[in-house]
Structures are given as C-alpha cells and as structure tokens.
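Note on naming: letters A, B, ... go to the chains in the order of the sequence lines (proteins, then strands), and numbering restarts at 1 for each one. Atom set for the values below is all heavy atoms of this structure, side chains included, hydrogens, waters and symmetry mates excluded.
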2 protein chains.
Amino acid sequence: MPFFTVDKFCNQTSARVGKVHTAHGIIETPAFMPIGTYAAIKTLSTNEIKKLNYNLILSNTYHLYLRPGIEILEKFNGLHNFMDWDGAILTDSGGYQIYSLSNFRKIDDNGVEFRSHLDGSKHYFTPEKIIDIQCSIGSDIMMALDICPSADAKQGEHENAVKTTTRWAKRCLDHYNNRKPNYGYNQVVSPIIQGGTNKILRRLSAEDLLELDAKIYAIGGLAVGEPKDEMLEVVEFLDSIIPKNKPRYLMGVGTPADIIRCIANGVDMFDCVIPSRNGRNGQLFTKNGKVNIRNAKYKDDLSLIDENNNCVISQKYTKAYLHHLFKIEEILGCRIATQHNLSFYYNLIEDAKEAIQNRSFNNWAKDFLSNYES
Amino acid sequence: MPFFTVDKFCNQTSARVGKVHTAHGIIETPAFMPIGTYAAIKTLSTNEIKKLNYNLILSNTYHLYLRPGIEILEKFNGLHNFMDWDGAILTDSGGYQIYSLSNFRKIDDNGVEFRSHLDGSKHYFTPEKIIDIQCSIGSDIMMALDICPSADAKQGEHENAVKTTTRWAKRCLDHYNNRKPNYGYNQVVSPIIQGGTNKILRRLSAEDLLELDAKIYAIGGLAVGEPKDEMLEVVEFLDSIIPKNKPRYLMGVGTPADIIRCIANGVDMFDCVIPSRNGRNGQLFTKNGKVNIRNAKYKDDLSLIDENNNCVISQKYTKAYLHHLFKIEEILGCRIATQHNLSFYYNLIEDAKEAIQNRSFNNWAKDFLSNYES
C-alpha cells in the first residue's frame with residue numbers, strides 16, 4: 001500500500017481527496033489536525049477528539065522533549081499510550097519553536113543550540129537527535145529538523161535556512177533509514193520546504209528536497225507574519241512544483257477561508273491553533289461568520305450555539321448559557337467552544353471533500369468564500 | 001408518596017438509608033451533592049455528572065441571582081433547562097453568601113440589605129423574595145432565608161440569628177404555600193437550624209423550626225471555622241432532636257471522614273467544595289488516603305490513578321499522565337481530578353449505604369476511619 005493515494009482530483013482546481021496510510025489508521029485528506037502541544041488537546045479528552053471524528057493530531061517535539069521528557073514517553077512506549085490516543089500523530093521537529101520561543105539559539109552546520117523557554121537550560125538538537133526523539137515519541141509522521149526564519153528576515157538568512165534545512169532533511173531521512181523504529185511500526189519522515197516568500201528560494205528548496213523522494217512534503221515558514229496574499233502565492237507556486245502523488249502539509253495554516261483557498265491549491269493537511277485558541281477566547285466559527293459569544297446581545301439568546309453545525313455540542317447548548325459560562329470564566333465554556341470550533345473545521349473540510357467528489361468544488365469554494373469573512 | 005422514606009436504620013448508630021422524592025427524581029440517601037454555584041459544576045458537563053451517578057446537585061441562589069440573573073432563568077423556565085440538567089436541584093438561600101462574600105450587609109426585621117461582591121450594587125432580600133427567586137430558579141429543594149454568623153460571633157449575635165432565622169423560615173413556608181410554583185411542579189422549603197456551637201441555642205432553633213413541620217431540615221452554621229469536634233457534637237446533639245422521619249441536610253460538610261461520622265449521626269444529605277476544589281488543586285482522594293498528584297514522585301508512575309475506584313476516569317489515566325497535565329496546567333487535568341474525586345465521594349457513600357443495609361455499618365465506619373486521615 002503506498003503511503004498516499006488520491007481518490008479524486010478536482011477538474012478545475014488543484015484540490016483532491018485522498019488517503020494517507022499511517023501505522024495508526026488511514027487519514028482521509030484534506031485533513032485538519034487538532035493541536036496537542038503538550039500531549040493534550042487543550043481542554044479536551046482524546047475521547048472527545050474521537051467523537052469529533054478526528055483521527056490525526058499534531059504534537060510538538062520541542063515541548064514534549066522538555067515536558068514530560070523523552071524518558072517518560074519511552075517508559076510508556078510512546079506518546080500514544082501516554083496520552084491514551086490510538087489515532088495517528090504527526091510531530092513537528094522543534095525548528096519553529098526554537099525560533100519562536102527560545103530567546104537564545106546558535107546554529108552551526110551540525111545542529112542548533114538553544115535555551116529552554118521554561119528554565120533557560122541549554123540543549124543541542126541535531127537532525128539525527130530530532131529523529132531519535134520522534135522515534136521515542138513514536139509519532140506516525142515526523143518532521144525533519146528545519147530552520148524557520150521570521151517573515152522579516154533578510155534574504156541571506158533565508159538562503160542559509162534553505163541550504164541548511166535541505167542538508168538536515170537528508171540527514172534526518174538517512175538516519176531514520178539506518179535505524180529501527182522504537183515500537184515496531186513504521187514512521188515517516190517529512191522534509192520541510194522553506195524559502196520565505198521568495199519564489200526562487202522556494203523552488204530551490206522544493207527541488208532539492210524532492211530529490212530525496214520523501215513520502216510527504218511539508219511547507220513551512222508561512223503564516224509567520226507575511227502578507228496573506230504572498231502566503232497564498234507561495235502555496236500556489238509550490239503546487240506546480242511538488243508532484244501530485246505526494247501529500248502536502250501546510251504548517252500552521254489557518255483560518256477557514258485560508259484552508260479552503262489552500263485546498264484549491266493542492267494542500268492536503270493542515271494544523272492551526274485558531275479553532276481551539278479562538279474558542280477559548282469565546283470566538284465561535286459558524287457558516288454565517290464569527291460569533292463573539294461574550295457579546296452582551298447573546299445574554300438572553302435562547303437559540304442553539306449553531307443549529308447548522310452537525311455536532312452534538314453545537315446543538316445541545318444555547319448561546320445564552322455559553323455566554324453565561326464565559327462571563328463567569330467557567331472552564332466548561334472553553335470546552336464547549338473548542339469542541340464546536342473543531343467540529344466546524346471538520347465539517348467544513350468534509351463539505352469541501354464532498355464538493356471535490358461531486359465535481360462542484362470550484363463553485364462551492366467561491367460560494368463559501370464570498371459568504372465568509374477571511 | 002411522602003417526601004422522605006427510610007428503608008433501613010442502622011442498629012448501632014443513627015445511620016439510615018432512605019429516599020427523598022423530588023419532582024426531578026428519587027434521591028437515595030445518604031447523598032452527596034456536587035456544587036454548581038453558577039449553573040455549572042466547575043470543569044464538568046451535566047452528562048459527566050450523570051455518568052458519575054449523581055442525580056442531585058446544589059446551586060447557589062445568591063450567585064444565580066447576580067449572574068445570569070433571574071430574568072434569564074425565567075426565560076428558560078428555570079435552571080434545569082438553562083444548564084441542561086434533568087436531575088434534582090437544591091438551592092441555598094443566599095444567607096451564607098451574604099455573610100461570607102458581601103462586605104456590606106444590614107439586617108432589619110423584614111430582611112437583609114447587602115452589596116454584590118461583583119459590582120458593589122445594593123440589593124435587598126426578604127424571606128418572600130428569596131422564595132420567589134428560588135421559584136424562578138425552579139429548584140426542587142429551596143432553603144429558607146437564614147442568618148449565618150461566623151464561628152467567632154458573640155453569643156448575642158447567635159441568639160438574634162436564631163430568632164430571626166426562625167421568623168423568616170415561617171415567612172418562607174407561608175409564602176410558598178400561598179403562591180403557586182412557577183413551572184407546574186412542586187418544590188419543597190427547608191428551614192435552616194442555626195445556633196453556632198451552643199447546644200441551648202441549637203435546641204431552641206431546632207424546636208421552634210420543628211413546629212413548622214417542614215418536610216426537610218437543614219443544619220447550617222457549621223464548618224464555618226469552629227473546631228471539628230464541636231461541629232460533630234452539634235450534629236450528634238441535633239440527631240436526638242430532629243424526628244427520624246425528617247431528612248437532614250448538613251450544609252457545607254465535609255471531608256470523607258466528616259461525612260462518614262455525620263452519616264453515623266443521622267445526616268442524610270451533604271454538599272461540600274472539597275472534592276471539586278481540592279481536585280482542581282491536584283489533590284486526589286483514594287481509599288488509601290490523599291494523593292497530591294503534583295508530587296514529583298508521580299512523574300514516572302505508570303499505575304492508574306486509582307485502580308480501586310470503580311470509575312472509568314480513575315481506571316483510564318495513569319498517575320504520570322495526570323501529574324504531567326498538572327505540571328503544564330492543562331484544564332484536562334482538573335477535569336480528570338474532579339471526576340475522580342466526585343466518583344470517590346459517590347462510591348464512599350455507596351459503601352456506607354451497603355454497610356447500613358447489611359447491618360455492618362458500625363464496623364465498616366470504624367475500619368474506614370481508622371485507615372483514613374481526617
């Protein structure tokens with residue numbers, strides 16, 4: 001069985017529906033991944049994630065390495081057991097976190113030295129070590145160690161990032177191919193295409209990484225502060241370079257509208273904090289746009305949270321009750337809003353899939369985007 | 001059907017098992033009530049409360065009156081609909097909160113003026129108004145308005161509190177009997193016995209209130225800072241005064257050991273923040289005593305939270321994972337600990353009931369108390 005199979009291509013856009021075959025189940029794509037940074041999807045249990053129909057989540061290598069630590073995860077034979085999750089897991093490589101969270105980092109050819117954002121302790125990651133850590137985590141899809149400059153980095157920094165990221169990706173793949181997985185099932189290494197918003201660099205990064213013939217390719221270094229149209233241009237550009245038979249994972253994107261636009265440009269996998277973080281702040285996504293449930297007008301609104309969203313939670317509680325829970329700062333409110341938003345994201349992508357299957361995706365996407373604020 | 005029926009009396013103590021018949025179901029006693037101060041059991045959904053086998057919860061009139069406000073609750077035809085709970089609800093009268101939360105109060109014969117602890121706004125509660133509010137809430141068991149002095153109050157203050165509380169209880173009962181319930185089902189008014197730790201005052205309070213022939217009697221003004229042995233003495237003393245055919249609700253008590261001791265002294269109903277509040281702070285109750293899950297020794301403890309506790313949650317997660325969730329301050333940790341502790345309380349009382357049924361309660365209680373720190 002190949003790692004990725006496409007069931008149907010859209011005839012007007014680059015959208016496609018397919019399947020990613022992991023050691024912990026088949027992921028239908030396009031797919032959105034809820035984020036479980038520290039071995040937990042904030043506020044929710046893994047049972048609840050399952051009931052929302054998700055079977056792939058993302059967790060963060062950098063965070064897990066610091067807490068609970070790799071030794072603990074090994075004692076549990078991996079993250080799946082530790083957090084009681086039998087679906088698939090994708091882990092990032094820590095590259096982005098070293099750039100965004102650590103206030104000290106020093107890159108050399110061999111790897112990157114950084115300080116923990118928690119206690120300032122020094123650590124050193126090499127491409128090989130990052131793979132070993134992810135083998136201890138036991139994630140089904142592992143990211144190669146990358147360098148992810150900020151949006152305002154200079155051209156030279158982006159060039160170096162691309163070169164180093166490519167060299168490290170090769171070392172990650174080689175290292176994984178030369179060692180055994182920890183827990184008896186196969187894992188997959190994904191290189192990360194960098195290059196900022198510069199198409200020449202993006203092409204260089206993609207073409208060099210494609211020579212490694214990895215099973216999956218991630219697009220990194222976007223949604224880090226660049227203008228949105230430039231982000232979309234890079235995704236569209238890479239769609240013309242990455243072969244159609246490779247699944248593409250766009251890291252850290254995005255809003256509902258971003259996701260639909262990027263599905264149209266051939267992206268298969270997404271992760272983003274927006275549905276969960278905004279949910280915890282009282283912002284609900286609905287087909288009619290965003291609802292700030294803290295707004296006083298919902299105080300005595302007896303209507304359901306979202307009667308158009310096919311989710312037990314959305315059709316169980318009223319807006320007035322959820323408004324009240326946020327007013328009193330009750331955790332249950334965060335749980336309800338997070339579940340609703342993750343359900344909205346799941347159903348949005350289900351609708352997109354159905355439209356691709358029905359050969360109506362282009363019109364469906366136009367309708368959605370014209371009705372929906374970005 | 002009488003409001004309260006006793007199925008079995010213990011032959012060595014005053015413990016008994018019985019049933020309280022409410023408009024929202026039969027409550028088997030002794031019973032512990034989880035606390036849903038603001039129309040939510042902190043961190044949990046009502047589904048989860050049901051799964052923990054609870055069918056009676058407590059909510060706070062004072063808090064509900066301030067948020068969401070009575071008008072909202074009336075729009076929902078009561079608290080049950082508002083919070084999606086079809087079990088029974090007991091509400092307190094706000095007397096205790098006016099004393100413990102408000103930094104301004106002025107009592108006259110007719111009622112009590114106080115300032116909201118939220119915004120300083122002035123409010124005035126009379127016995128009649130407190131019943132009207134609880135009729136709007138629609139609670140199955142309503143508390144009469146009482147005056148609850150602190151443990152260090154002077155004798156004169158306790159005497160006045162007893163006299164006023166008795167007058168107000170009569171007005172509460174009369175008012176309810178002269179009006180119709182809001183939502184078509186019957187509610188029950190419970191007077192509150194006051195008197196601090198003074199037995200003469202407690203006798204006076206109880207005997208005067210018993211003349212009202214209410215369906216249920218609450219014991220208030222305990223667990224407010226007095227020594228524990230004095231609290232237990234008062235409960236034992238009142239057991240000899242309140243007729244056996246009246247259910248007794250001991251307000252705000254207590255630890256697992258307190259509850260077992262008070263069951264032995266004829267108490268039927270309890271509420272307390274301990275299992276939920278301590279749970280949110282990482283303290284777990286087990287048959288072998290308390291576990292502070294934040295303790296570093298649990299970092300790599302692969303054993304289940306409590307394999308002796310018959311609860312899905314207690315037997316699903318490991319101590320190491322729960323320790324991790326508390327270390328990263330993840331809400332899921334509070335949810336798990338709260339559910340475990342509420343399950344522990346439920347099962348503890350189930351064990352007590354079974355022992356009463358088997359005529360082995362006295363020995364069972366001695367065993368439990370000798371093994372269990374207070």
Can you tell me which portion of B/Arg67 sits under 4.5 Å from chain A's heavy atoms? Options are side chain, backbone, both or neither. both
Taking atom OH of B/Tyr96 as the centre, report whether more than 12 heavy atoms of other residues, nucleotides or ligands fall under 6.0 Å from it. no
Toward chain A, the part of B/Thr43 with a non-hydrogen atom under 4.5 Å: both
Against chain B, work out which of A/His324, A/Glu330, A/Lys75 has the most heavy-atom pairs shorter than 4.5 Å and name it. A/His324
Most contacts with chain A, counted as non-hydrogen pairs under 4.5 angstrom, among B/Leu325, B/Ile336, B/Asp84: B/Asp84
Okay, A/Ile72 and chain B: the region with an atom under 4.5 Å from a heavy atom over there is side chain
So OH of A/Tyr38 and CG of B/Leu332: to nearest 0.5 Å the spacing works out to 15.5 Å
Does a side-chain heavy-atom distance below 4.5 Å link B/His63 with A/Ile328? no
Just wondering, are more than 12 heavy atoms of other shown residues or ligands nearer than 6.0 Å to NZ in A/Lys129? yes
For the student: nearest non-hydrogen atoms of A/Ala40 and B/Tyr321, plus distance: CB-OH, 3.6 Å
Is it the case that more than 12 heavy atoms not belonging to A/Arg105 sit under 6.0 Å from its CZ atom? yes
Answer key: most heavy-atom pairs under 4.5 Å with chain A among B/Arg335, B/Glu71, B/Met83 is B/Arg335
Just wondering, are more than 12 heavy atoms of other shown residues or ligands nearer than 6.0 Å to NZ in A/Lys316? yes
Portion of B/Glu48 that has a non-hydrogen atom of chain A nearer than 4.5 angstrom: side chain
Side chain, backbone, both or neither: which part of B/Asp300 has a heavy atom under 4.5 Å from chain A? both
